[in-house]
Amino acid sequence: MTDNTPPASSVVKTILAVVVFTLFCYCVIGLQMAVTPLFVREKLGFNSAIAGFAVSVQYLATFATRAGAGHRIDHKGPKYVVLVGLYAGIACGVLIAASAYLTHWPVLALLCVLAGRITLGFAESWVATAVIVWNIRRVGAAHTAQVISWNGVCSYGGIALGAPIATVLYQAGGTSVLTGFSGVGLLCAALMAIGLPLALKQPAVAPLPASQPVSFMQTLNKVWPFGMALAAGSVGFGAISALLTLYFSDQHWGGAALALTLFGTVFVLTRFGFTRQIMRRGGVNVAFISLFIEALGLMVLAYAPTAFWACVGAALSGAGFSLLFPALGVGAVERVGPENRGAAIGAFCVFLDIAIGVSGPLLGLIIPLWGYGVLFGITALCAVIGMAMCYALNTQKGLKT
């Protein structure tokens, strides 16, 4: 069986019909990213490390479920996996809403938040991974970079949309269930529920039978050089997603949601403007430049004297992080056959999940010892290490040719 490739004029339309589920999923992630650490620290009274862990546990759950998502995509088809992920997203929203009514029992409320975040991690791995494979199967492997890029546009565009909305809901007064942290949770559930009938209308693609069984560890071994470079660049995003709102709060700055929105907006604009450079200049070369820009942005965050400069640092970090996944992902996917693309994307994303999941709580421990400047300086150093990895990949490629 071969990929069913539509005419070039309909490629984007075909991609958008499915990638919208990634948009819904990451709107939910953006909604929670902006206010979860504030809720855990300010309403429940836990410290910054626990608040950071409440954000990062989502990515640890995503990591833990990537292998299962890739396996089921390849054997049951991506549509099935997207539908299961959307149902999980609804459950997440209900759990988050419920936690808002348990603030008199902080430990119980925290457990409810963590359960919701873990469920969202499951939803993210199943929806986002399956959407990529679903679209590759629909438009053909020749459009892999375009598929991954559109997935990223919806990912971080969703974060940019969700963060300011969550801030408005969280800060709104009154006792309505549609405001505060409960309002954020209910909106999360509603968005994922909207996706269900839309997903059911889309045509499924039959799973491709594997020519021979390939274990997840074998797939991981094929993509790890690209995955390690991705992980190095993802630590910065982990710090921004888990700790940026706390940074602004501790500095008594307004505009944390604006900084997250700028990160997402610049991320999307960079994807729109420069995705074609991946095919023209090579994925590893683009990744090298992207990591340099990200390191610069993180250093601006480290030494930001005002909220304005922190927003500038967040925007630069978004520009740098934008092309990293598709630039390295194209090389990772090329290392496996079409029947194992789900497993390859799942294995590649594992490096992203680990970096983001571990960076939040570990970097949160740095705050009481050395402060946010050292924290963001370390993330910038990780991006520089990623640049060295890209240089090594290019050198290895040159030796082979």
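Counting begins at 1 with the first residue of the sequence. What you see is a predicted model, and the numbers here were worked out from it, not measured in a lab.
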Sequence neighbours excluded, the answer for side-chain contact (heavy atoms from CB on, under 4.5 Å) partners of V168 is none
So L161 and T261, side chain to side chain contact (heavy atoms under 4.5 Å, CB included) or not? Walk me through it.
CA-CA 7 Å; L161 287 171; T261 298; over 6 Å; no
At what distance, to the nearest 0.5 angstrom, does CG of L298 lie from CG of L381?
11.0 Å
Taking all non-hydrogen atoms of both residues, which atom of L187 and which atom of I165 are closest, and how far apart?
CD2-CG2, 3.8 Å
Do M228 and W224 make a side-chain contact, defined as non-hydrogen atoms from C-beta onward lying under 4.5 Å apart?
yes
Separation of L291 CG from C390 SG (nearest 0.5 Å)
5.0 Å
Is there a side-chain contact between F53 and V40, using heavy atoms and a 4.5 Å cut-off?
no
Only pairs at least two apart or in different chains count here, so list each salt bridge (Lys or Arg N to Asp or Glu O under 4.0 Å) that has a residue in residues 226-243.
none
Worked verdict on I240 versus L260 for side chain to side chain contact (heavy atoms under 4.5 Å, CB included)
CA-CA 8 Å; I240 288 172; L260 289 171; 4.0 Å; yes
Closest heavy-atom pair, L86 versus V127, reported as atoms and distance to 0.1 Å, is N-CG2, 3.9 Å
Rounding to 0.5 Å, atoms CG (L352) and CG (L328) come to a distance of 11.0 Å
Would you say C154 and F24 make side-chain contact, with heavy atoms under 4.5 Å?
no
4.5 Å side-chain heavy-atom contact, I90 and L196:
yes
With W253 via side-chain contact (heavy atoms from CB on, under 4.5 Å) - residues at least two apart
Y247, F248, Q251, A304, A307, A310
Under the side chain to side chain contact (heavy atoms under 4.5 Å, CB included) rule, what do N47 and R41 come out as? Steps first, then yes or no, please.
CA-CA 6 Å; N47 61 30; R41 194 176 72 167; over 6 Å; no
If I take atom CG from residue L38 and atom CG from residue L44, how far apart are they, to the nearest 0.5 angstrom?
11.5 Å
Measuring only between side-chain heavy atoms, which start at C-beta, is F237 closer than 4.5 Å to S317?
no
Sub-4.5 Å side-chain heavy-atom contact between W370 and I366:
yes
Minimal heavy-atom distance between M389 and A232, with the atoms involved, is SD-CB, 4.5 Å
So, does S249 use its side chain to make a donor-acceptor pair with the main chain of T245 at under 3.5 Å?
no
Looking only at heavy atoms, what is the nearest atom pair of M192 and G85, with distance?
CE-O, 4.1 Å
Just to verify, what does S322 make a side-chain contact (heavy atoms from CB on, under 4.5 Å) with, not counting sequence neighbours?
F267, T270, R271
Non-hydrogen side-chain atoms of I73 and W134 separated by less than 4.5 Å
no
Relative to each other, are the rings of W126 and Y80 parallel, tilted or perpendicular (30° and 60° limits)?
tilted
Taking side chain to side chain donor-acceptor pair (under 3.5 Å) as the cut-off, I'd like each qualifying pair that reaches into residues 279-307, sequence neighbours left out, listed once.
Q277-R281, N285-N394
Can a donor-acceptor pair be found, under 3.5 Å and without considering hydrogens, that links the side chain of N135 to the backbone of I15?
yes
Under a 4.5 Å cut-off applied to non-hydrogen side-chain atoms, are L316 and V312 in contact?
yes
Examine distances only and state if a side-chain atom of K79 and a backbone atom of L200 form a donor-acceptor pair shorter than 3.5 Å.
yes
Show the nearest heavy-atom pair for residues L301 and A314, with the distance to one decimal.
CG-N, 4.1 Å
Rounded distance [0.5 Å steps], CG in L31 versus CZ in F181:
10.5 Å
When the side chains of residues 109-124 are checked against the rest of the protein, which donor-acceptor pairs come out under 3.5 Å, sequence neighbours left out?
from : atom 1 : to   : atom 2 : distance (Å)
R117 : NE     : A54  : O      : 3.0
R117 : NH1    : Q32  : OE1    : 2.9
R117 : NH1    : Q58  : OE1    : 3.3
R117 : NH2    : V55  : O      : 2.9
R117 : NH2    : Q58  : OE1    : 2.8
T119 : OG1    : A115 : O      : 2.7
E124 : OE1    : Q58  : NE2    : 2.9
E124 : OE1    : T62  : OG1    : 3.0
E124 : OE2    : Y26  : OH     : 2.5

Any chance you could measure L262, atom CG, to L258, atom CG, to the nearest 0.5 Å?
4.5 Å
Where do L393 and F226 come nearest, in terms of heavy atoms and distance?
CD1-CD2, 4.1 Å
V19, I136, V131 screened by side chain to side chain contact (heavy atoms under 4.5 Å, CB included) with V147, the one that passes:
I136
